[in-house]
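Residue numbers start from 1 in every chain, and the chains themselves are labelled A, B, ... in the order their sequence lines are given, proteins ahead of strands. Keep in mind that what you see is a predicted model, and the values were worked out from it rather than measured.
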Number of protein chains: 6
Amino acid sequence: MKRLLITGAAGALGQMLRERLAPMAEVLRLSDISDLGRPAKNEEVFTCDLANEEAVFDIVADCDGIVHLGGVSVERSFDQISPANLRGVYNLYEAARVNGMPRILFASTNHTIGFYKQDQRLHASDPVRPDGLYGVSKVFGEAMARMYYDKFGQETAIVRIGSCTPEPKDWRALGSWFSHDDFVSLIGTVFRVPRLGCPIIWGASKNDAGWWDNSAAGYLGWEPQDNAADHLDRIVSEVPRPAKNAPVAVYQGGSFTAEPIHREKK
Amino acid sequence: MKRLLITGAAGALGQMLRERLAPMAEVLRLSDISDLGRPAKNEEVFTCDLANEEAVFDIVADCDGIVHLGGVSVERSFDQISPANLRGVYNLYEAARVNGMPRILFASTNHTIGFYKQDQRLHASDPVRPDGLYGVSKVFGEAMARMYYDKFGQETAIVRIGSCTPEPKDWRALGSWFSHDDFVSLIGTVFRVPRLGCPIIWGASKNDAGWWDNSAAGYLGWEPQDNAADHLDRIVSEVPRPAKNAPVAVYQGGSFTAEPIHREKK
Amino acid sequence: MKRLLITGAAGALGQMLRERLAPMAEVLRLSDISDLGRPAKNEEVFTCDLANEEAVFDIVADCDGIVHLGGVSVERSFDQISPANLRGVYNLYEAARVNGMPRILFASTNHTIGFYKQDQRLHASDPVRPDGLYGVSKVFGEAMARMYYDKFGQETAIVRIGSCTPEPKDWRALGSWFSHDDFVSLIGTVFRVPRLGCPIIWGASKNDAGWWDNSAAGYLGWEPQDNAADHLDRIVSEVPRPAKNAPVAVYQGGSFTAEPIHREKK
Amino acid sequence: MKRLLITGAAGALGQMLRERLAPMAEVLRLSDISDLGRPAKNEEVFTCDLANEEAVFDIVADCDGIVHLGGVSVERSFDQISPANLRGVYNLYEAARVNGMPRILFASTNHTIGFYKQDQRLHASDPVRPDGLYGVSKVFGEAMARMYYDKFGQETAIVRIGSCTPEPKDWRALGSWFSHDDFVSLIGTVFRVPRLGCPIIWGASKNDAGWWDNSAAGYLGWEPQDNAADHLDRIVSEVPRPAKNAPVAVYQGGSFTAEPIHREKK
Amino acid sequence: MKRLLITGAAGALGQMLRERLAPMAEVLRLSDISDLGRPAKNEEVFTCDLANEEAVFDIVADCDGIVHLGGVSVERSFDQISPANLRGVYNLYEAARVNGMPRILFASTNHTIGFYKQDQRLHASDPVRPDGLYGVSKVFGEAMARMYYDKFGQETAIVRIGSCTPEPKDWRALGSWFSHDDFVSLIGTVFRVPRLGCPIIWGASKNDAGWWDNSAAGYLGWEPQDNAADHLDRIVSEVPRPAKNAPVAVYQGGSFTAEPIHREKK
Amino acid sequence: MKRLLITGAAGALGQMLRERLAPMAEVLRLSDISDLGRPAKNEEVFTCDLANEEAVFDIVADCDGIVHLGGVSVERSFDQISPANLRGVYNLYEAARVNGMPRILFASTNHTIGFYKQDQRLHASDPVRPDGLYGVSKVFGEAMARMYYDKFGQETAIVRIGSCTPEPKDWRALGSWFSHDDFVSLIGTVFRVPRLGCPIIWGASKNDAGWWDNSAAGYLGWEPQDNAADHLDRIVSEVPRPAKNAPVAVYQGGSFTAEPIHREKK
């Protein structure tokens, strides 16, 4: 690729990918509403509010691929989520449509299906059950991606990210962990395959205790290599076992299911 | 019921239901952003912008049931759709949550699945395939309803309305027609059953050529009585048969699938 | 048929069928542990404890068909359920096996699946979820029937009876009602078809609000004719609507799900 | 339609349709290898060996629709089946392709799935299980139809005809009967709908004891009106009940399953 | 765990687990109707007839976990199977319910589904097809477990044990083998996971030629490590290949399907 | 095995198997319409036109197993395909039936389902979608195999061969590659298992990017060992990436889907 855009590049995953994806494109274009520091060689840096249509058109122009991490990624108020996660997603797809339709990886989340229980095996085609306003906003984004694919042929990899951390940190992560290496290899696959389509992909490593069946996206040929079970001993010895009725042991979305609706103080 | 709220009561369906639902509650509370005329006896009339949180709390207070028709119901620009169909839906559910969780009928649409072809039979659990920004906004609303049900127990009947007209008007309506009588009887059922849950219900009559399998909502006991096939002779003789590759003959969403993205002139 | 055996003929259903099935066979053989009164013309009357192997062999001998209603049909202690519903069922199948394998209608119950919720549509192939010891005993009986079919070719109609009363008596019965006429017509079908096999049949009328999909047994050609919805107005006006979280409104097994384990006083 | 071709018009079904379909087109073109008698007004009559490519091109030219009944329709030797049912079908599709692709109704058969048992409910998507060389030849024809649809857009209604007789004649027909009226109404539907596609349609009336689920073709809006169960009393009184293990009581294909391979004497 | 109960500890599997599970709990409580020998350090030994309610309450008291192997595990007469496998299971669940509901591993069997053919792939949700009275008794036990889970929250791992032997001993075991190591690791998993629920788990190693899909229990994170195919050469060279129509080659339950009903001599 | 017949032994796959299968039988009988060269020790060589019934009976006589590769294996005219692929298959099955029913491996093809898209995961039970006359002829062969199994018990392994080449040669082969080693091991399995039945087996290696789910044939215990992904780097660097809308990137059948109907010049 000539130019790969990473939105939300100042966030935790953004920083990791800024480093790891450098070899994947001649130019890495980074955008965030927060400070991104000084560009490295081969980097372009943009400050961008995703809710600003013009700004989004600017960052998308001339890109061959987009890793869209930008927006709110935890439970927040509607006022906080709406600008980037609703309007911002619309802006991104419109910008892509009029700029040659570069392939997009859309960072969705397991919180689109967080209210399923941990003893249920899910396929990409199962109905959504978001666990909060954040999850609802990502359902909106997934629907936007699908509509642009059906109407215009815009390709997107919808990645429902699990628990993307350097190591699995708790009992729930035995099912939901998504290693950095596996995320990076998935991105490589997404931008390499001749035809992507618009699959929903479970962003998770090949965890023994995983809940998600990725066979619908099997045609991509992506095979995660890491397994949270390799960290089982550490978790057993270091992390208290949750009660069997704790949300974090019951629901795939874990503690998000127990969050209240956040409302602005007035 | 003591007080039933109809939002979007000035629209075509709203006017029809204003008349038909009068016997269903002691007071019919009507709201719209447009003029609703003078209240009849037993009517309360509110002018309300659904994007205005306070206004929405006012109309929801003291209601026992809500028929939520309000918002944009055709393909429009994001700026036109967003206030009522995104923020407005959030406002409505928050208002319901803090006002005793009256049962809600949410008017969704077949345009959440408009890109399925007409030779495919759909179940309520099939993935969405919206056919435009309007369809995407309704996917958002459906997700909001589901989240409030899973998190708080708020009951909603999500009704994916087909072609709700006095009579089926074209070839596509042989599959998608939803008669006024059937809509009214569905509303009666929704507010009568002891337990509603949060089903997705196909809002269509029992058309011979229907595409939608309502068995997942069968427990409600609602049985539509009308059948577009009773109007077949008229349609055959009066309405030109579309070409086999015309969007209106190919897709369940019909001509919506061929609409461009509407953008504001600047 | 020459001789049709009805076990449990002194129970409520047994008495009804004693009258209604008389035209179906030259001789009606009736058995019960309770008093059956004086035999009518063309009746044979046996007092029989189903737990008594010899007695069961006696009543089965020379029969062409068996309607097995005998045993406990409500929630009771294990000591009360076990003799007739466990050993008794074994006795019946052994007796049938060595007596020419007359076709059997086995009265099972919706309480084999009582813990499914009322918003779930069930097929005959769905896993059991019994709602008490009675339901567990009927799962045992169904398994016995299936085993004798697979091993020996013994045919059985396993009928999971819903609410078999002259009229539907409450809100739950809108889904579960099984009219006497429909039960009688089912029995006629079961003993008429050239090949029965060993189907699980939902014993319910064609209720608008039914939960059970009988398509797996469709090959029998039995079509129930009654519909609890025809009694809707009466129920709405006479029977208080249950709370949405009451077991009778939540579970297909209704109040049985809330029964404790009955234990003998000692 | 201007000109509708019926192949195999001298056979039993052909003669019936010759009479019944007359009002459906300005000209009825009839072809058969056997004598068709003198053409009525508005009829064209062709003697045609379906294995003869040129002859087939001649009969297809200038037609708007084709009802393809031609070929062998019972179990015969490979030498007898092959010319019309293999080469003949290829000839027909090539002729259609180069002659404007008139819509085709292809008369397939339940003998493509004859080895399924009568207690199994089938969908159009279930794998084939032909019950003889005749059934195998029809699987070939169905595959040809599907290939021409996928490759060229040629539309075909693949109709798996059950037991198409004036009245149901035996116990098996309680499941498989296809009344003449229902066949005629199906043909009307096939040539009326704006978009046909290439569905597999079970050619059967709405028999209470039917085995075949037509929901995949539901979008056509065809609803059979007849029911073999209306003839139940006659069959019970006049037709001996088959033994439970007789092929005609076990398999959907009935006695065809017990036919040997027919081989030519040499 | 403080105290782990193993019932049926004098049987073949019981002896193996007595040795292998010692490290898993501070105290291993062993019970059997047969002699268990002298307790090792950290062992408690009980002689117990499972049909004796009081005795069962005694062994269950103060346990944190139960591995329930007790009862008859081959085809026997109803009189032999009933005490431990029917009443005994009821006794165990009642004892657990009133003693703090320790987690239970219930040793069920592949003979609950023994009449499925070896070319069919089974999921935990497939209907049972027991191959004898023993299999029927285990269906009863599985239903009891499920009912206590739905009604009281009692957790059970229902393990349908295949062929649990040190090495696979015949051709059928290429599909059904369950190595001792894999059983032990499964037990470790069952008592370690935060939330068990009430899954049906296929007790089999990861055999290339396995019939059983364990994905429904995948959330537990148990991955068997052994594979009967590693013993293929030995079996090919030492064990005669069964005829293709022998029960042991046709049915998953193998020779059990050909057992008669065992009846007591009188 | 005593005598294993390979038909089509002069073709590319035939030559490979002639070498690789030598150890599998005492005598390798080879047949082809083309020259097979001189027989090696332990080889028998037959020139045989598969359309010739007598000749086929000759080659089948006295064989214990058959690997049927014979016939046309690319898109050709109907006249070229018909003799070997239609009549030839019939001849083979008749010859097998009257010669002790030796087990058959029938070389079918992915072109029976070539019109499925590459983002669809297929099971053996999915409906066929052939991509040309060649694919249609193989659907015919598969149906013949199934009919002889249902009617006579003749066992066949229907192998839908993917891209069987020494190494994967293009992007499509990342999904469809079938290594020679894996084909050989499959043949070993097919002739070793006690009971084969009549499974459809996807002839493909365990490619990361595979489209085909072989679980329905899992009972055989065949596990492919090769993976086209091990050749990914070479393909990426040497083979141009196809356009996302090229048939070879869209359809499982690749370029076959774009072939015209081949017709003889006259």
Q | F:Arg3 with F:Glu44: basic N within carboxylate O range, under 4.0 Å | A | yes

Q) Charged N to carboxylate O below 4.0 Å: is that the case for F:Arg20 and F:Asp181? A) yes

Q | Per-residue contact mode, E:Val236 against chain F (heavy atom under 4.5 angstrom) | A |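 Just its side chain gets close to chain F.
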
Q | Residue part contacting chain F, namely of E:Ala229, when any heavy atom lies under 4.5 Å | A | neither

(Q) Below 4.5 Å, heavy-atom pairs only: which of E:Pro242, E:Gly175, E:Ala228 has the largest tally toward chain F? (A) E:Pro242

Q) Below 4.5 Å, heavy atoms only, C-beta onward: do F:Trp177 and F:Asn227 meet side chain to side chain? A) no

Q) Using the ring of each side chain (for Trp, its six-membered ring), is F:Tyr251 parallel, tilted or perpendicular to F:Phe115, with breaks at 30° and 60°? A)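 Because their plane-to-plane angle is over 60°, the rings of F:Tyr251 and F:Phe115 count as perpendicular.
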
